[in-house]
Amino acid sequence: MLSAESAAIVRATLPVIGASLDAITARFYETMFSERPELLDGLFNRANQANGEQRRALAGSIASFATMLLDHPDERPDALLARIAHKHTAVGVTDDQYVIVHKYLFGAIAQVLGEAVTAEVAAAWDEVYWLMAGALIALEARIYAEAGARDGDTWRRWRVVARRDETPDTVSFLLRPTGDAPVPPARPGQYVSVRVRMPDGVHQLRQYTLSNAGEDGLRRITVKRVDGDPAGEMSTLLHATVRPGDELTLSAPFGDVTLEDGDAPLLLVSAGIGCTPMVAMLDHLAVTGSRRRVLVLHADRSPAEHALREDMLRPAAERIFWYESGAAAPDREGLMNLDGIEIPDGAVAYLCGPVPFMRDVRARLIRAGVAARDIHYEVFGPDLWLGAN
């Protein structure tokens, strides 16, 4: 809980801090990476730095956390914190790195806002930072413990036992763990980080949803190549170079958007490569013999570009696919349109795809009577939707 004195100062200065957060986080990353370039080797994703997504995600999380502290002083924003904690553990963030971030973040605040940052203002925002950091450190310790790891050491080698071209720009890799150590369990909907040494010698990380995590210990990731975009440098490298027999370094599974047990009808809504967690959920439901009603809604450019299409044709699930071109009955042509779709009463929904797509679908589902608390979503990369829903 934020102290009364600090709460008053944070409330008064939040408009100024909020308006300057983009400049503050830009200065923060610029200074930190200038003085600590090793952090870009295997921890921070440089593509997310180049396109500004990491900066915007950090700014959004700080503003959201401060606002929640003020609006709900007796509650901890667990949903916000859990999402961040899982992203952190997926890349191996450790407690000492919060001290490093604090140093450069507050240095950036002082540089951008100058004399407006009095000792009292700095102390109040310092309290906000350490409330957030302390909660995250505790959450991340529990997540690491569940994965059987400490201090971010969740990495292990996996051998590629099969490669399958799903579409011209999407490939699946079937992976088997090396060694005899037990493998942490994976829940349907979770992702792993893949760590690769790039051609320039720098290690980079990228999260990929497990599109399958079988009982036999095998796991599958499905990777979409992204040409001409810095964010796609790892996906493009995996497409071009990884073959059966090669080894990859993977983290333990992480992610808080996972299929919950229960009897409520399920609504699985995706677009493009956002189908991967839905396929994992469908596979889990099939393996466990679930009798839940499942409605699968998916949008893609064409049937030929629909990765894992056959995996989504589960006989136990109802499904409607939309394609911008090439649709043939019973599939529909055009963008996803929920008009006329019967949404089951009491449905629990899972969404994955581009953020604008999920925002639109979420709004439509709420208008259709689905409770906001029953709509779950996953975002690839830094979560730019934090606190927005």
Side-chain angles (χ1 to χ4, degrees), residues 40-54 57 86-87 90-92 155 157-175 186 189-213 219-251 253-255 257 270-280 298-302 304-309 311 352-355 357-358 378-384:
L40 278 171
D41 186 7
L43 183 61
F44 287 91
N45 183 286
R46 60 189 176 190
N48 292 332
Q49 301 303 318
N51 61 24
E53 287 191 358
Q54 188 70 60
H86 277 274
K87 299 288 186 183
V91 300
W155 304 99
R157 301 287 285 175
W158 291 69
R159 181 168 292 108
V160 179
V161 297
R163 170 184 171 130
R164 186 176 81 183
D165 292 327
E166 306 287 353
T167 73
D169 63 359
T170 307
V171 64
S172 288
F173 298 105
L174 192 63
L175 305 157
Q190 288 191 308
Y191 52 81
V192 295
S193 288
V194 179
R195 184 171 64 188
V196 174
R197 184 188 294 275
M198 305 306 289
D200 61 1
V202 175
H203 290 89
Q204 286 290 277
L205 305 178
R206 185 74 164 82
Q207 283 77 51
Y208 296 102
T209 299
L210 291 169
S211 54
N212 183 278
R219 289 181 178 164
R220 183 180 67 181
I221 58 173
T222 301
V223 180
K224 181 179 177 64
R225 186 180 66 237
V226 182
D227 294 322
D229 185 339
E233 66 169 342
M234 182 181 292
S235 298
T236 299
L237 182 69
L238 294 177
H239 268 259
T241 64
V242 175
R243 297 292 184 271
D246 293 340
E247 291 186 4
L248 294 173
T249 301
L250 271 61
S251 74
F254 296 103
V257 183
S270 56
I273 197 61
C275 65
T276 51
M278 310 312 171
V279 168
H298 180 78
D300 227 307
R301 293 181 179 176
S302 70
E305 296 171 277
H306 181 174
L308 303 172
R309 174 182 162 89
D311 296 67
C352 192
V355 170
F357 165 82
M358 292 192 294
E378 183 58 276
V379 172
F380 297 115
D383 191 344
L384 302 181

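- Cation-pi check for R219 over W158 is not met; the charged atom does not lie both under 6.0 angstrom from the ring centroid and within 45 degrees of its normal.
- Remark: D41 engages H203 in a side chain to side chain donor-acceptor pair (under 3.5 Å) (not counting sequence neighbours).
- Counting only heavy atoms from C-beta outward, the side chains of L210 and V192 approach each other to under 4.5 Å.
- Considering only heavy atoms from C-beta on, V196 stays 4.5 Å or farther from T249 through its side chain.
- When all heavy atoms of R206 and S235 are compared, the closest pair comes out as NE-OG, 4.5 Å.
- For P354 against A271, the heavy-atom pair with the smallest separation is CD-CB, 4.1 Å.
- With a 4.5 Å cut-off on side-chain heavy atoms, Q204 and R195 do not count as touching.
- Taking every heavy atom of both residues into account, A307 and C275 meet most closely at O-SG, 3.4 Å.
- Pairing each heavy atom of F357 with each of C352, the nearest pair is CE2-O, 4.2 Å.
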**Message:** With side-chain contact (heavy atoms from CB on, under 4.5 Å) as the criterion, how do Y191 and E378 come out once you've worked through the C-alpha distance, each side chain's angles and the decisive distance to 0.1 Å?
**Reply:** CA-CA 10 Å; Y191 52 81; E378 183 58 276; 3.7 Å; yes
**Request:** Test side-chain contact (heavy atoms from CB on, under 4.5 Å) on L248 and V242 and set out the steps.
**Result:** CA-CA 9 Å; L248 294 173; V242 175; 4.1 Å; yes
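- Residues H298 and M278 form no side-chain contact, since every pair of their non-hydrogen atoms from C-beta on lies 4.5 Å or further apart.
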**Request:** Begin from the C-alpha positions of R163 and V171 and carry the test side-chain contact (heavy atoms from CB on, under 4.5 Å) through to its verdict.
**Result:** CA-CA 7 Å; R163 170 184 171 130; V171 64; 3.5 Å; yes
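- Comment: R309 does not engage D311 in a salt bridge, judged by the lack of any side-chain N to carboxylate O separation of less than 4.0 angstrom.
- Put simply, OH on Y208 and CG on L238 are 4.5 Å apart, with the number rounded to the nearest 0.5 Å.
- By the 6.0 Å contact criterion, CZ on R157 is enclosed, its count of non-hydrogen atoms from other residues, nucleotides or ligands being greater than 12.
- The minimum heavy-atom distance between V226 and T236, with the atom names listed, is O-OG1, 3.3 Å.
- Rounding to the nearest 0.5 Å gives a distance of 11.5 Å between NZ of K224 and OG1 of T276.
- Between the CG atom of L308 and the OG1 atom of T170 there is a distance of 8.0 Å, given to the nearest 0.5 Å.
- Note that NZ of K87 is 6.0 Å distant from CD of Q207, once rounded to the nearest 0.5 Å.
- Counting only N and O atoms by type, the side chains of E305 and S302 include a donor and acceptor under 3.5 Å apart.
- Partners of S211 by side chain to side chain donor-acceptor pair (under 3.5 Å), not counting sequence neighbours, listed by chain and number: R220, T222.
- Rounding to the nearest 0.5 Å places CZ of R159 at 4.5 Å from CD of E247.
- Residues V161 and P244 form no side-chain contact, since every pair of their non-hydrogen atoms from C-beta on lies 4.5 Å or further apart.
- Taking CG from D246 and CZ from R243, the interatomic distance works out to 8.5 Å, rounded to the nearest 0.5 Å.
- The nearest pair of heavy atoms linking H239 to V223 is NE2-O, 2.9 Å.
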**Request:** Apply side-chain contact (heavy atoms from CB on, under 4.5 Å) to the pair V194 and L205, showing each step before the final yes or no.
**Result:** CA-CA 6 Å; V194 179; L205 305 178; over 6 Å; no
